[in-house]
Amino acid sequence: MTRHARNCTAGAVYTYHEKKKDAAASGYGTQNERLGKDSVKSFDCCSLTLQPCRNPVISKDGYLFDKEAILEYIISKKTEYTRQMKKYEKQLKKDESEKAELAAAEKEANLIKFMNREKNISSKNKESEAGPSSSVSNLSNNKTKQLPSFWVPSQLPEAKFSKMDKPDPTVYCPISGKPLKMKDLIDVKWTLVNDPDDKKSLIAKENRYMCPVTHDILSNAVPCVVIRTTGDVVTLECVDKIIKKDWIHPLTGDKLKEKDIIPMQRGGTGYALTNQNLEGKNERPVLQA
């Protein structure tokens, strides 16, 4: 295809490329973009703060958190539950008081109805003795004045308060959405890379941690697992080739079970095989006719 054909703008068809280019330049519509590895957290970063963990802990589902951040999250959720529970108890007391008021009002209405019936009986007896009454007033014969209400503020939508349900005391994981308890969090033990020639700080180093058994450098591209009993981080290759042979901890010699191996959720590598979702959306105003 010649350059003249690429730059030709006399076509009668509005191509997909032109439409996408104009939509990006106009600032309207939803913009989709595939995320790269630089847009996703590293394997040793907290899932909440997205920063390297100082006191790393891991959940049963393999999500890494900083202990301070996850503690603050759990306390905030418990505080929110306490606040919601107070509002719920206040609503229950209000409902009970309204029921008591309705019962008292119904009892009083029945009493008034009974008294009116007795008065009507006595008035009818008197009318039968004195002759028929010719009054057509709404207030005659001890009738209550009944007028239709055209404006009832209590029936307006703004006056109706939605009933809140009983709050759930369970704290859920902010990433997986499953129940999370502080006692289920496991302290993670990293093995530092001892490189005497590298004088950089720990955060500035590219190769910070390694497997204590195979001495492989840990990164987002290396699948890792956490041993629940000790918190050591080893590679998945070490588990498959060494630990699964006799299910013995390679560092302490303790007996292990399959539930003691927690697969660690990795960060972004840019490949769809590693990450479940690599698409980012930016929702912008929609241009409507």
Next on the checklist: Taking Leu236 as the starting point, is it possible to reach Leu218 by hopping between hydrophobic residues whose side chains are less than 4.5 Å apart?
Outcome noted: no

Checklist outcome for this item: Quick note, salt bridge (charged side-chain N to carboxylate O under 4.0 Å, His left out) partners involving residues 96-113, not counting sequence neighbours, are none

Checklist entry - Which residue pairs pass the salt bridge (charged side-chain N to carboxylate O under 4.0 Å, His left out) test with at least one member in residues 166-178, sequence neighbours excluded? => result Asp61-Lys178

Mark yes or no for whether [X], through its side chain, and [Y], through its backbone, hold a donor-acceptor pair below 3.5 Å.
{"X": "Thr235", "Y": "Cys238", "value": "yes"}
{"X": "Thr214", "Y": "Cys211", "value": "no"}
{"X": "Gln91", "Y": "Met164", "value": "yes"}

Next on the checklist: For Ser176 and Tyr63: C-alpha separation, side-chain torsions, deciding distance, then whether side chain to side chain contact (heavy atoms under 4.5 Å, CB included) applies.
Outcome noted: CA-CA 8 Å; Ser176 65; Tyr63 292 100; 3.6 Å; yes

Residue pair [X] / [Y]: nearest heavy atoms and the distance that separates them:
{"X": "Leu180", "Y": "Ser59", "answer": "CD1-CB, 4.3 Å"}
{"X": "Phe65", "Y": "Cys173", "answer": "CZ-SG, 3.9 Å"}
{"X": "Cys46", "Y": "Ala69", "answer": "SG-CB, 4.2 Å"}
{"X": "Tyr172", "Y": "Pro179", "answer": "CD2-N, 3.7 Å"}
{"X": "Met210", "Y": "Leu192", "answer": "CE-O, 3.6 Å"}
{"X": "Tyr81", "Y": "Pro167", "answer": "CE1-O, 3.7 Å"}

Working to the nearest 0.5 Å, report the span between [atom1] of [X] and [atom2] of [Y].
{"X": "Asn220", "Y": "Phe43", "atom1": "CG", "atom2": "CZ", "result": "7.0 Å"}
{"X": "Leu64", "Y": "Ile186", "atom1": "CG", "atom2": "CD1", "result": "11.5 Å"}
{"X": "Asp44", "Y": "Trp190", "atom1": "CG", "atom2": "CH2", "result": "5.5 Å"}
{"X": "Thr49", "Y": "Glu68", "atom1": "OG1", "atom2": "CD", "result": "9.5 Å"}
{"X": "Ile74", "Y": "Lys78", "atom1": "CD1", "atom2": "NZ", "result": "7.5 Å"}
{"X": "Ile75", "Y": "Met182", "atom1": "CD1", "atom2": "CE", "result": "9.0 Å"}

Checklist outcome for this item: Partner of Arg228 under salt bridge (Lys or Arg N to Asp or Glu O under 4.0 Å), picked from Asp254, Asp260, Asp184, is Asp260

Report yes if some heavy atom in the side chain of [X] is under 4.5 Å from a heavy atom in the side chain of [Y]; otherwise report no.
{"X": "Val239", "Y": "Lys244", "result": "yes"}
{"X": "Val233", "Y": "Lys189", "result": "no"}
{"X": "Val225", "Y": "Met264", "result": "no"}
{"X": "Tyr88", "Y": "Gln84", "result": "no"}
{"X": "Val234", "Y": "Cys224", "result": "no"}
{"X": "Leu48", "Y": "Tyr73", "result": "yes"}
{"X": "Ile261", "Y": "Trp247", "result": "yes"}

Checklist entry - Could you go step by step and tell me if Val222 and Ile217 meet the side chain to side chain contact (heavy atoms under 4.5 Å, CB included) rule? => result CA-CA 8 Å; Val222 179; Ile217 302 299; over 6 Å; no

Item to check | Listed partners of Asp66 passing salt bridge (Lys or Arg N to Asp or Glu O under 4.0 Å), at least two apart | outcome: none

Next on the checklist: So, using salt bridge (Lys or Arg N to Asp or Glu O under 4.0 Å) as the criterion, who are the partners of Glu72 when residues are at least two apart?
Outcome noted: none

Checklist outcome for this item: By side-chain contact (heavy atoms from CB on, under 4.5 Å), Asp246 pairs with (sequence neighbours left out) Ile248

Next on the checklist: For Leu251, give me all partners under side-chain contact (heavy atoms from CB on, under 4.5 Å), at least two apart in sequence or on another chain.
Outcome noted: Pro212, Val213, Asp232, His249

Checklist entry - Does the pair Glu80 and Arg83 meet the rule for a salt bridge (charged side-chain N to carboxylate O under 4.0 Å, His left out), with working shown? => result CA-CA 5 Å; Glu80 178 68 16; Arg83 187 178 68 84; 2.7 Å; yes

Checklist entry - Testing Val188, Leu185, Asp187 for side-chain contact (heavy atoms from CB on, under 4.5 Å) with Lys67, which one passes? => result Asp187

